[in-house]
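Being a predicted model, the structure only gives us computed values, none of them experimental. Computation of the quantities below employed the complete heavy-atom set of this structure, encompassing side-chain atoms and omitting hydrogens, waters and symmetry-equivalent molecules. Each chain gets a letter, A, B and so on, in the order its sequence line appears, and its residues count up from 1.
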Protein chains: 2
Amino acid sequence: MKKNLEIFSNSPTCPIRNVFDRFGDKWSVLVLMVLGTHGGLMRFGELKEVIDDITQKMLTVTLRTLEADGLVARKYYQEIPPRVEYQLTDLGKDLVPHIENLANWASKHVDQILRSRKRFEKKVASKD
Amino acid sequence: MKKNLEIFSNSPTCPIRNVFDRFGDKWSVLVLMVLGTHGGLMRFGELKEVIDDITQKMLTVTLRTLEADGLVARKYYQEIPPRVEYQLTDLGKDLVPHIENLANWASKHVDQILRSRKRFEKKVASKD
DNA sequence: GTATTTAGTTACTTTTGTATACTAAAGGTA
DNA sequence: TACCTTTAGTATACAAAAGTAACTAAATAC
């Protein structure tokens with residue numbers, strides 16, 4: 001095997017497996033982008049309102065993972081009804097511009113990708 | 001809701017949902033990186049050898065999705081035993097450096113993230 | 001005493017991923 | 001002749017992850 005491809009095999013040092021697997025789920029990137037764009041503290045319900053198709057459970061799970069990774073900080077106020085505020089950590093703030101970079105690429109090419117997807121579906125359908 | 005956050009709500013034009021959701025699976029990014037690093041045509045079995053922990057089914061599914069999105073081109077030779085070659089399209093080649101950018105960030109910070117995660121696990125465990 | 005509020009949790013269903021065996025069809029070998 | 005190998009998949013059965021809807025706590029307002 002080509003030497004430069006070895007890093008992609010299943011090893012503990014594979015950067016893709018170590019990182020994309022962390023924030024490569026359905027919601028993490030979206031939550032990071034929303035927190036980054038908003039720019040400060042956001043309450044749970046506020047995040048839920050912005051990302052309107054996420055369920056409470058998935059938002060909780062996603063925030064917990066991001067907190068565990070040190071990308072998001074959680075502040076819990078002992079009040080009734082409960083109040084919890086989230087914001088990016090320094091590490092999170094450092095990451096967001098790199099994600100935005102990819103998101104900008106996405107914005108620029110999303111139409112082309114959607115067209116390609118439709119063309120492919122027709123191609124597959126015509127073979128049935 | 002803040003005007004600049006509206007793009008993150010569930011709309012058909014949300015670039016994150018339309019494009020990131022594709023990378024949100026377990027293998028797409030890895031396949032793109034391998035094809036990009038290799039730099040040319042790769043046969044199915046070659047990809048399977050490099051990404052040694054992917055199953056045949058998932059490699060097939062992943063390649064079909066990338067093909068549908070127009071990121072990867074598939075060339076089938078009518079031979080026995082079969083021969084199929086894959087390579088990045090121009091769109092795919094355009095995307096890969098942006099992914100590499102994120103992968104580099106990942107490499108740089110993966111240790112910090114893993115430490116944070118361990119700390120968090122201990123914190124959670126101490127509350128049981 | 002009853003409805004409202006917020007940030008979850010629980011039990012359940014659906015989707016995604018894994019493991020393993022199986023296929024086609026030509027060429028080489030015993 | 002019967003068999004083994006080759007490649008790029010499929011098929012099947014199962015496990016894990018993600019998603020859904022309903023439920024909870026406990027103080028406050030009416």
*End axis versus end axis in the helix from C/dG1-D/dC30 to C/dA30-D/dT1, the angle rounded to 10°, five pairs used at each terminus*: 30°
Tell me whether the OP1 or OP2 atom of [N] has a side-chain N or O from [X] closer than 4.0 Å.
X       : N      : result
A/Tyr86 : C/dG8  : yes
B/Lys48 : D/dA8  : no
B/Arg43 : D/dT7  : no
B/Trp27 : C/dT18 : yes

Which nucleotide in the set [options] lies at the smallest distance from any side-chain heavy atom of [X]?
X       : options                : value
A/Gln56 : D/dT10, D/dT20, C/dT9  : C/dT9
B/Arg64 : C/dT5, C/dG17, D/dG9   : D/dG9
A/Ile80 : C/dG17, D/dG19, D/dA27 : D/dA27
A/Thr60 : D/dA18, C/dG8, D/dG9   : C/dG8
B/Arg74 : C/dT18, D/dA8, C/dG8   : D/dA8
B/Thr55 : D/dG9, C/dA19, D/dG19  : C/dA19

Whole-Å distance between [N] [atom2] and [X] [atom1]?
X       : N      : atom1 : atom2 : result
A/Asp53 : D/dT20 : CG    : C1'   : 13 Å
B/Asp25 : C/dT16 : CG    : P     : 10 Å
A/Tyr76 : C/dA7  : OH    : C1'   : 9 Å
B/Leu59 : C/dT20 : CG    : P     : 18 Å
A/Lys75 : C/dA7  : NZ    : P     : 15 Å
B/Gln78 : C/dA26 : CD    : C1'   : 13 Å
B/Glu46 : D/dG9  : CD    : C1'   : 17 Å
B/Ile54 : D/dG9  : CD1   : C1'   : 13 Å

*What do the steps show when you test A/Val31 against A/Leu66 for side chain to side chain contact (heavy atoms under 4.5 Å, CB included), and what is the final call?*
CA-CA 9 Å; A/Val31 169; A/Leu66 293 173; 3.7 Å; yes
*In terms of side-chain geometry, is the basic nitrogen of A/Lys123 or A/Glu121 positioned less than 4.0 Å from the acidic oxygen of its partner?*
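A/Glu121 and A/Lys123: not salt-bridged.
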_Residues B/Lys48, B/Glu46: salt bridge by 4.0 Å N-O rule_ = no
*Is the backbone N or O of A/Gln112 less than 3.5 Å from a side-chain atom of A/Ser116, with the two atoms forming a donor-acceptor pair by type?*
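Looks like no, no N/O pair under 3.5 Å.
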*Using atom types as modelled and distance alone, determine if a side-chain donor or acceptor of A/Thr89 lies under 3.5 Å from a backbone N or O of A/Gly70.*
yes
*Going by modelled atom types, is there a donor-acceptor pair between the base of D/dG19 and the side chain of A/Lys57 at under 3.5 Å?*
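Side chain to base: pair found, below 3.5 Å.
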*Would you please say whether a donor-acceptor pair under 3.5 Å links the side chains of B/His98 and A/Asn104?*
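Per modelled atom types, B/His98 and A/Asn104 side chains form no pair under 3.5 Å.
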*Examine the side chains of B/Glu67 and B/Tyr86 and answer whether a donor and an acceptor come within less than 3.5 Å of each other.*
no
*When the nearest nucleotide of DNA chain D is assigned to B/Pro81 and to A/Pro81 on a heavy-atom basis, which residue is associated with the more 5' position?*
B/Pro81
_A/Asn4 to A/Phe8 - nearest heavy-atom pair and separation_ = O-CE1, 4.1 Å
